[in-house]
Amino acid sequence: MNRILVINNDLDSMGLLKQWLETKTYTVKITTSRKKVPQLVRKFKPGIIMADIMQNEVVQNLKENENSRNVPILLMSGYSKRQDDLYLKVDDIIEKPFNLALLEVKLKKLLKKAG
């Protein structure tokens, strides 16, 4: 299941990320709307969710919802200060700016984990 849902407010950067992911054969949807996330998860059925660290509430809701609790979440963070309460809820973390080779390794690992 090579579908990735990206939740982030920075559409410019995420548009570039989407283009790169699509060259790696992923199908990608991006949203800036927290309200649309549950509907997108149900309809799009992502194999991975990439969420910006500023989407803390969304991440918590995803892990509590039966439709999404088993979907791996890759947290995107531009902050060097850890927020352990949030970090414990996600499956992996990648720091911005992305190292694309590392991102690809992490995505493959999470997809394998999701089975």
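- Side chain of S68 to main chain of L62: a donor-acceptor pair is present (N/O by atom type, distance under 3.5 Å, no hydrogens or angles).
- For the pair I7/M50, no side-chain contact is recorded, criterion being any heavy-atom separation below 4.5 Å from C-beta on.
- Remark: Q60 CD to E57 CD distance equals 7.5 Å, nearest 0.5 Å.
- Formation of a donor-acceptor pair under 3.5 Å by the R3 side chain with backbone atoms of I48 is not found in this model.
- Taking 4.5 Å as the limit, some side-chain heavy atom of L74 sits within range of a side-chain heavy atom of L110.
- Minimum interatomic distance between P72 and G47 (heavy atoms only, all atoms of both residues): CD-O, 3.2 Å.
- A donor-acceptor pair under 3.5 Å is formed between the side chain of K106 and the backbone N or O of I93.
- By the salt bridge (charged side-chain N to carboxylate O under 4.0 Å, His left out) test, E22 is found to be paired with K18, residues two or more places apart in sequence or in another chain being considered.
- The only member of V28, T27, I4 that meets side-chain contact (heavy atoms from CB on, under 4.5 Å) when paired with F44 is T27.
- Both L107 and L102 sit in one connected hydrophobic cluster of ILVMFWY residues. Membership requires side-chain heavy atoms under 4.5 Å apart, directly or through other members.
- To the nearest 0.5 Å, the span separating CG on L75 from CD on E95 amounts to 10.0 Å.
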Run the side-chain contact (heavy atoms from CB on, under 4.5 Å) check on F98 and L16 step by step: do they pass? CA-CA 11 Å; F98 301 130; L16 293 172; over 6 Å; no
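- Here the straight-line distance linking atom CG of L103 with atom NZ of K108 works out to 11.0 Å at 0.5 Å rounding.
- Hydrophobic cluster membership is shared by M76 and L11, with clusters built from Ile, Leu, Val, Met, Phe, Trp and Tyr side chains linked at under 4.5 angstrom.
- The backbone N or O of W20 sits less than 3.5 Å from a side-chain atom of T23, completing a donor-acceptor pair.
- N8 pairs with exactly one of I30, L17, D52, I53 by the side-chain contact (heavy atoms from CB on, under 4.5 Å) rule, that one being D52.
- Using a distance-only test at 3.5 Å, with no hydrogens or angles considered, a donor-acceptor pair links the side chain of D91 to the main chain of I73.
- Rounded to the nearest 0.5 angstrom, L40 CG and K45 NZ are separated by 12.0 Å.
- For the pair N61/V59, no side-chain contact is recorded, criterion being any heavy-atom separation below 4.5 Å from C-beta on.
- Contact of the Q39 side chain with the R42 side chain is registered, since non-hydrogen atoms from C-beta on lie closer than 4.5 Å.
- In the hydrophobic clustering of this structure, I49 does not group with V105; members are Ile, Leu, Val, Met, Phe, Trp, Tyr whose side-chain heavy atoms approach within less than 4.5 Å, directly or through other members.
- Within the structure, salt bridge (Lys or Arg N to Asp or Glu O under 4.0 Å) contacts touching residues 24-34 (residues at least two apart or in different chains) are K24-E104.
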